[in-house]
Amino acid sequence: MSRLQQNYQTVLNEIARAEQNAGCETGAVKLIAVSKTFPEADIREIYQAGQRDFGENYIQEWHTKAEALTDLPDIVWHIIGDVQSNKTKFVAERAHWLHTVGRLKTAERISAQRPSEMPPLQVCIEVNIAGEAAKHGVAPEEAVALAREVAKLPKIKVRGLMCVAKAGSRETELRAQFGRMRQLLTDLNAEGIAADVLSMGMSADMETAVACGATHVRIGSAIFGRRG
Ligand SMILES: *Cc1c(COP(=O)(O)O)cnc(C)c1O
């Protein structure tokens, strides 16, 4: 097994253990392999090992890779970075998921650009859970209102909420942030929006995120290695 394949197996085992500790079924948590900055060959290798869901941050970079990987028909692309308004078209035409909806305007553009024969784009509302000035996403108090508006768009399906925890948070702080996300999902459901996804947890905080109810974890460096 290559180093990459070993890392991948280790991450799968860690997720399985986190699921067990959290009392959820094995396989309940979906792994998104975050391949940003890593070459197409690495994506192929993990794909061959069985991975189907991949996350990318930078639209230009993803575009190049997606075009080179069209021979992998069942690959599932998750966009997890901010999408500038001049980059929405490729997302609308080629992505399966967008985890970073923080503005109604972006969602409106994408809904309008989504080809009619494609299913609605599955999206998460990005929540700036720790209120950091440098981070994208809506304030927690505004998440439900934004989700309600986005849910009205014809070619968008609101699946849930996404966050990036504040870097350097201690365990108790992580639990507070992820716990608030879980509460917001409950609030969304109470509004009649049948959302079921909590996209939270990265290489450093995956276990805590799963303990707090993450359904999708986004793991990059633990699989692909350190980014240059
Ligand atoms: C890069 C990135 C990840 C993966 O982070 P790692 O620490 O490498 O696991 C997850 N989510 C988002 C939004 C990212 O930008």
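All ligand and atom numbering here is 1-based and tracks the order in the structure.
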- Note on the structure: Apart from Met202 itself, members of its ILVMFWY cluster (side-chain separation under 4.5 Å) are Met162, Val164
- Sort out the contact shell of ligand 1: every protein residue with a heavy-atom distance below 4.0 Å, listed by chain and number. Val34, Lys36, Asn57, Ile80, Met162, Val164, Met202, Ser203, Arg218, Ile219, Gly220, Ser221, Arg227
- Message: Would you say that more than 12 heavy atoms from the other residues, nucleotides or ligands in this model lie under 6.0 Å from the NZ of Lys36, or not?
- Response: yes
- Message: Test of understanding: with side chain to side chain contact (heavy atoms under 4.5 Å, CB included), list the residues that count as partners of Pro154, not counting sequence neighbours.
- Response: Ser111
- Query: Can Lys166 and Glu173 be counted as an ion pair, charged N to O under 4.0 angstrom?
  - Reply: no
- Task: Starting from Val197, walk the hydrophobic network (Ile, Leu, Val, Met, Phe, Trp, Tyr; side-chain heavy atoms closer than 4.5 Å) and list everyone else you reach, by chain and number.
- Result: Val76, Trp97
- Item | Thr26-Gln20 side chain donor-acceptor pair, cut-off 3.5 Å | no
